[in-house]
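Structure, as structure tokens:
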Amino acid sequence: MNSLRLGSYSFSSRLILGTGKFSSTRVMLEAVRASGTQLVTVALRRFNRNQAEDDLFGPLSEIRGITLMPNTSGAATAREAIKAAHISRELSGSPFIKVEIHPNPHHLMPDPIETYEACKVLAAEGFIVMPYIPADPVLAKRLEDVGCSSVMPLGSAIGSGQGLANAEMVRLIVRESTVPVIVDAGLRSPSEACAAMEMGCEAVLVNSAIAVARYPVAMAGAFAKAVEAGFEARNAGIMPRSGSAVATSPLTSFLGAAS
Amino acid sequence: MSDLPSWLTDARLSEEIEPLLRNEDDDSLERLAAEAQAVTLRRFGRIISLYAPLYLSNFCSSGCVYCGFASDRTSPRRKLDASEIEKELLAMKALGISDVLLLTGERTNAVGFDYLCRAVEVAARHMPRVAVEAFPMSIAEYRGLAECGCTAITIYQETYDPENYGKLHRWGPKQDFLERLETPERALAGGIRSVGIGALLGLSEPVGEALALMRHARHLCHTWWKAGVSVSFPRIRPQEGEYRPQFTVSDRFLARMIFAFRIGMPDIDLVLSTRENPEFRDGMAGLGITRMSIASRTTVGGYVESDTASARQFEVSDNRSAKEFCLALRSKGLDPVFKNWDSAYNEPVTCKEATCH
């Protein structure tokens, strides 16, 4: 109950980290350690096989207890994402693939049609498929149907720091889903990560909010605590919010007592 | 000349930016810098993507008064063959470079489309991202270039003032203002993923140039929703021919212009080359600028043979080595990133996907 299950893998941490945007690889690695995460995503774009200082894959693969989840950021089509997934698996050996297909390279919103097509193929090929998607409950079910191991709706636009602007749709996805729902993108502060967990998400993925914080390592620790608190609160049973006033004189007394 | 396109003259496309450019006080400059930094940080984080130019040839058919490669310059002409290109690429790779911009002059018999295609093919074998800054081509030619592995095209309008444009381009195919203006769209129609645009600052009145450039960038983003669009800010530099620019573009104005672009177009790459000096480049990194050239040689054969390989197109102001420049970025809390792309994503964007016109 207390572990996050993705495919045949289970993780005690429910915080997933993105690895881009940091001021240095060293700071990124320290943030990864401080977060206690067991699953990190790294873009194929940032695999540098020439053993350069900007390579993220090599240093991450040396941290014990971390599973790498390559992502296809940069792909504009299903075809490119599938190609990137194959290359990533060959390079990393990881069965995970985070499918990111954003044909508009400026706002980076995911393409639901291409994402669906890519996920169908990659799930059939045995990948543990984690799609980055718009907060669309119908698409989420369609992706579940083709074998995705989770769905990762946007809290809000990537890098925007607008938090859970899509909260209503995320709630709907959580209510309907039989696979883990992981909020990906848009979170700005630990309290928003906590709220996503209280809402019923199984995990959150955070990158910008940690990478661009003044003290990324400290922020990584803060997110870890918030995710844990949100998950524990949910399991402890959050007091229902009262939806309406209760009349002092019962409105239904005329019906008599139940026999 | 035919009528200018309506987007180029539509003031609504840049009206919120003009006041930012016309202010001259220190307070407003500082406020813009802070906002530009915040927008950059949010969208791009603390990284700077790096690239380097590779001059393939200095043959040229045009008569641009401001360019060291113009066809009336007396410097010897040269073009690299396939094996020389490969050697240059290997020398660049040894510096860590993974993102190359291939450059030529305007089309000549010596250096045309076929030559460029072969050069792109060689480059794509060594570099995940290959961009081209050469002569305008047809849609079919751009399609061919994309199929050879070209990811991006850079094409500067030089100046958006049509009258001035006519005077500065004394002869050759580059004399056609509208043909050049439409070139980025032909590249996108041909399947090139990204286009870089810019004005050579100093050729015409700077505020007007900045506004037209932003209209151009916005027009491309609106019309070609899958296109990557980047904007460069080249200031004219000393060159053989010794053209003196008519307009002065101060550091303060250029900084203001870059801040205004970052605020007005938060998601696009803004590029600063080694035309600028180390102090300005270091200062602007992360204040709007997200992409920078490094260890540039503006001579044909300059990476292998030394900087005297041929005449320069222009003088470089930042002569720091790749290592020195990276150290400077790191000391500002920025991460220099050589590889921020992968060849897995180099398929041409088909005409249908790119919204064919």
Side-chain angles (χ1 to χ4, degrees), chain A residues 18-28 43-56 70 72-77 79-88 91 101-109 111 114 157-162 188 207-214 216, chain B residues 37-50 93-98 126-129 151-152 193-194 217 220-221 224-230 265-269 286 322-323 326 329-330 332-350 353-354:
Chain A
T19 54
K21 296 186 174 184
F22 283 86
S23 61
S24 69
T25 305
R26 182 185 58 77
V27 172
M28 181 272 288
L44 175 62
R45 290 186 288 115
R46 297 296 305 274
F47 281 54
N48 194 338
R49 281 150 270 185
N50 297 327
Q51 297 180 326
E53 283 185 60
D54 63 349
D55 175 44
L56 299 184
T72 65
S73 167
T77 61
R79 197 176 132 122
E80 284 182 346
I82 292 166
K83 188 174 168 186
H86 292 162
I87 296 169
S88 299
L91 291 173
I101 304 179
H102 40 72
N104 182 315
H106 300 138
H107 59 48
L108 306 178
M109 296 299 281
D111 183 327
E114 297 289 331
I158 191 165
S160 70
Q162 294 294 318
R188 188 180 68 91
N207 186 354
S208 301
I210 293 174
V212 309
R214 188 175 303 135
Chain B
Q37 183 184 43
V39 173
T40 308
L41 195 58
R42 199 161 54 228
R43 173 61 179 80
F44 295 91
R46 300 185 193 276
I47 69 166
I48 297 287
S49 301
L50 303 173
K93 262 176 102 167
L95 299 173
I97 291 158
S98 296
H126 294 282
M127 302 276 176
R129 189 173 188 276
T151 314
R193 296 176 82 109
S194 291
L220 291 171
C221 289
W224 301 85
W225 70 278
K226 290 184 179 182
V229 176
S230 64
M265 302 195 74
D267 297 323
I268 68 171
D269 260 322
K323 202 172 172 181
C326 289
L329 288 180
R330 288 193 185 106
K332 288 175 57 74
L334 295 168
D335 192 19
V337 174
F338 286 95
K339 182 177 177 289
N340 201 11
W341 190 248
D342 197 273
S343 55
Y345 312 129
N346 278 349
E347 291 188 9
V349 175
T350 69
E353 286 170 348

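All chains are named by letter (A, B, ...) in the order of the sequence lines, taking the proteins before the strands, and each is independently numbered beginning at 1. This is a predicted model, so every value here is computed, not measured.
Contact count against chain A (heavy-atom pairs under 4.5 Å) is highest for B/D335 among B/I47, B/L329, B/I268, B/D335. Interface check for chain A: of the options B/V229, B/D269, B/L334, B/I48, the most heavy-atom pairs under 4.5 Å are formed by B/V229.
There is no contact between B/C326 and chain A, counting heavy-atom distances below 4.5 Å. Proximity to chain A (any heavy atom under 4.5 Å) is shown, for B/L41, by both the backbone and the side chain. With a 4.5 angstrom heavy-atom cutoff, A/T72 touches chain B via backbone and side-chain atoms both. Only the backbone of B/P336 comes within contact range of chain A, with at least one heavy atom under 4.5 Å from a heavy atom of that chain. Neither the backbone nor the side chain of B/K332 comes within contact range of chain A; no heavy atoms are under 4.5 Å apart. With a 4.5 angstrom heavy-atom cutoff, B/N346 touches chain A only via backbone atoms. B/S343 touches chain A through its backbone: at least one of N, CA, C or O sits under 4.5 Å from a heavy atom, while the side chain does not. For B/F338, the parts lying under 4.5 angstrom from a heavy atom of chain A are both the backbone and the side chain.
Between A/S208 atom OG and B/F44 atom CZ the span is 11.5 Å, to the nearest 0.5 Å. Atom SG in B/C221 sits 10.0 Å away from atom NE2 in A/H107 (nearest 0.5 Å).
By the 6.0 Å contact criterion, CZ on A/R79 is open, its count of non-hydrogen atoms from other residues, nucleotides or ligands being 12 or less.
Here B/D342 pairs with A/R49, B/K339 under the salt bridge (charged side-chain N to carboxylate O under 4.0 Å, His left out) rule; sequence neighbours left out.
A salt bridge between A/E80 and B/R193 is present, with a side-chain N of the basic residue lying under 4.0 Å from a carboxylate O of the acidic one.
In this structure, the side chain of B/R43 engages the main chain of A/H106 through a donor-acceptor pair within 3.5 Å.
Contact check for B/N340 versus A/R46: side-chain heavy atoms found under the 4.5 Å cut-off.
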